Amino acid sequence: MILMKPRFFIISAISATFLFIACKKSADNNPNPDPVAAVLNLPATPFNYANITQPAYLNAPNILGQINTPPGNPITDNGATLGRVLFYDKNLSINNTIACASCHKQANAFSDPDAKSLGFNGGLTGRNSMSLIDAKYYPNGRFFWDQRAATLEDQTLAPIQDLVEMGMTLPQLETKLKNLAYYPSLFTKAFGDATITSNRVSLALSQYVRSIVSFQSKYDAGRSTFPAAPAPPPNVNFPNFTAQENRGKEIFLTPQNACAACHGSETFTAPQEKNNGLDLVTIDRGFGSVVNNTNLDATFKVTTLRNVELTAPYMHDGRFTTLEQVVEHYSSGVKNHPNLSPQLRLPGGQPRLANLTAADKAALVAFLKTLTDVTILTDVKYSNPFK
Ligand code: HEC
Ligand code: HEC
């Protein structure tokens, strides 16, 4: 084998560089480049976001009644596609370093493994990032742990303007997006013309977020073997579950353990904010400060438990790192906060402790893990479209 002489190597490296520059120039001079195809991997026909076929028990009237989609912003395939591009676009932050996806990572069920997330300027968020799965099913339609956003449409513009998260003003956002060649055609497909407004950004982002729904977990495979209604009673076993998972399901659904009283229905959410006894006194006022009502201090959104295995750390402040710690909280640690929700109180008013055996705690954790839906973690239609 002949080794390349150093001089020859330098000459070939230089000519390769020239060849590269020449090719790049001819690509730049191309009179008709497709600005979308130049930076984005999008399918010719958009993915299906609008008409996802879900199991019958997710189309039951009580579940449909939970949906918070406003009449003016139904999901369309092109609208959610635009939302997906915006969600992954770092241009939404003032210094082009942070996208929504930086703190809502697909691999972590659209949450962040860090207790507090890093913003554009190295600052930390005040609370733990939230999973976006099944956002559309939160019945009162309010968003953030403290429910300060009255709608998802209000929520989606908040991180862009947040001084820690993305640091933009809405006029800056509009100017910036207008100067990006790939947006006019995406806005045209989504809204009928190329006008770029922050309101349209909010609508498209909300469509994308609402399209992220989970129905392919082990729980769903088991639930699908029963009629949509009535739901099978707590002690009826799912054929695909282990004995331990079935025991955990029974504990979760049995009224005196209260889990399903708050994380109820097939979407594992509550209708509205609750206090689950994390602290004896108020540390974070939560919804109480939003509505200026001390009777609601330290109440927080009851997020879905779907995919909870993948969304650690847990609670609004990320205080628990494992599901075992969460279960221990409900088994022995519920505190008598004045606003502790009634579902976690005994008839005499004392906190309701589940007092589970070690085996039952492990079973409850095993059940929570049956809510994991790995299809969402790799589904291309929710993934980063940038090349
Ligand atoms: C720097 C990290 C960060 C960025 C960037 C970020 N988020 Fe968040 N997100 C969070 C945190 C933290 C929370 C919870 C904050 C709270 O409740 O006070 C949150 C909450 C949310 C919620 C509420 C979910 C619920 O169930 O109530 C939605 C929806 C959301 N973000 C969507 C987005 C979108 C869309 C973008 C991009 C425009 C975005 N986020 C950018 C960190 C981030
Ligand atoms: C009174 C209503 C209520 C009951 C009953 C309840 N929870 Fe919760 N749960 C909440 C609230 C509220 C939060 C969020 C609290 C916060 O962050 O301040 C939560 C959070 C969680 C989380 C963490 C979610 C996340 O993404 O961080 C898990 C897991 C959980 N609960 C499991 C259970 C289990 C298991 C039971 C039964 C043993 C149970 N819950 C009973 C209201 C309740």
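Computed from a predicted structure; not experimentally measured. We count ligands from 1, going down the list as the structure has it; atoms in each ligand are counted the same way.
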Report task. Measure from the ring center of Phe226 to the ring center of Tyr57 and say whether it is less than 6.0 Å. Result -> no
Query raised in the report: Taking only heavy atoms of Leu305, which atoms of ligand 2 are found under 4.0 Å from at least one of them?
Result: 22 (C), 28 (C), 29 (C), 30 (C), 32 (C)
Query raised in the report: What atoms in ligand 2 come closer than 4.0 Å to a heavy atom of Leu278?
Result: 16 (C), 18 (O)
Query raised in the report: If you measure from each non-hydrogen atom of Ser341 to ligand 2, which part falls under 4.0 Å: side chain, backbone, both or neither?
Result: side chain
Requested in this report: Assign the ring pair Phe187 / Phe191 to parallel, tilted or perpendicular, where the plane angle (0 to 90°) is split at 30° and 60°.
Outcome: tilted
**Report entry** Part of Asn257 with heavy atoms under 4.0 Å of ligand 2, whether side chain, backbone, both or neither
**Finding:** backbone
Report task. Spell out, as yes or no, whether a donor-acceptor pair under 3.5 Å connects the side chain of Asn108 to the backbone of Thr311. Result -> no
Query raised in the report: Under 3.5 Å, side chain of Thr282 to main-chain N/O of Asp284, donor-acceptor pair present?
Result: no
Give every pair formed by an N or O atom of ligand 1 and a protein N or O atom closer than 3.5 Å, one pair per line with both atom names and the distance to 0.1 Å, or write none.
from     : atom 1 : to     : atom 2 : distance (Å)
ligand 1 : 7 (N)  : His104 : NE2    : 3.0
ligand 1 : 9 (N)  : His104 : NE2    : 3.0
ligand 1 : 17 (O) : Trp145 : N      : 2.9
ligand 1 : 18 (O) : Arg127 : NH1    : 2.9
ligand 1 : 18 (O) : Arg148 : NH1    : 3.0
ligand 1 : 18 (O) : Arg148 : NH2    : 3.4
ligand 1 : 26 (O) : Lys301 : NZ     : 3.0
ligand 1 : 27 (O) : Phe144 : N      : 2.7
ligand 1 : 27 (O) : Lys301 : NZ     : 3.0
ligand 1 : 31 (N) : His104 : NE2    : 2.9
ligand 1 : 31 (N) : Gln155 : NE2    : 3.3
ligand 1 : 40 (N) : His104 : NE2    : 2.9

Query raised in the report: Do the ring planes of Tyr88 and Tyr208 sit parallel (below 30°), tilted (30 to 60°) or perpendicular (above 60°)?
Result: perpendicular
Report task. With heavy atoms of Val308 as the reference, note each atom of ligand 2 found under 4.0 Å away. Result -> 29 (C)
**Report entry** Set of side chain to side chain donor-acceptor pair (under 3.5 Å) partners for Arg223, sequence neighbours left out
**Finding:** Glu266
Query raised in the report: Can any side-chain N or O of Asn293 pair as donor or acceptor with the backbone N or O of Asn295 at less than 3.5 Å?
Result: yes
Report task. Indicate yes or no: does an N/O atom of Met315 lie under 3.5 Å from an N/O atom of ligand 2? Result -> yes
Query - salt bridge (Lys or Arg N to Asp or Glu O under 4.0 Å) pairs, two or more places apart, involving residues 377-387 - result: none
Requested in this report: Using atom 8 (Fe) of ligand 2 as the apex, give the angle to atoms NE2 (His263) and OH (Tyr330), rounded to 10 degrees.
Outcome: 180°
Query raised in the report: How about Asp373 and Ser217: does a side-chain donor come under 3.5 Å of a side-chain acceptor?
Result: no
**Report entry** Those atoms of ligand 2 less than 4.0 Å from some heavy atom in Val326
**Finding:** 28 (C), 29 (C), 30 (C)
Query raised in the report: Residues in salt bridge (Lys or Arg N to Asp or Glu O under 4.0 Å) with Arg306, at least two apart?
Result: Asp134, Asp220
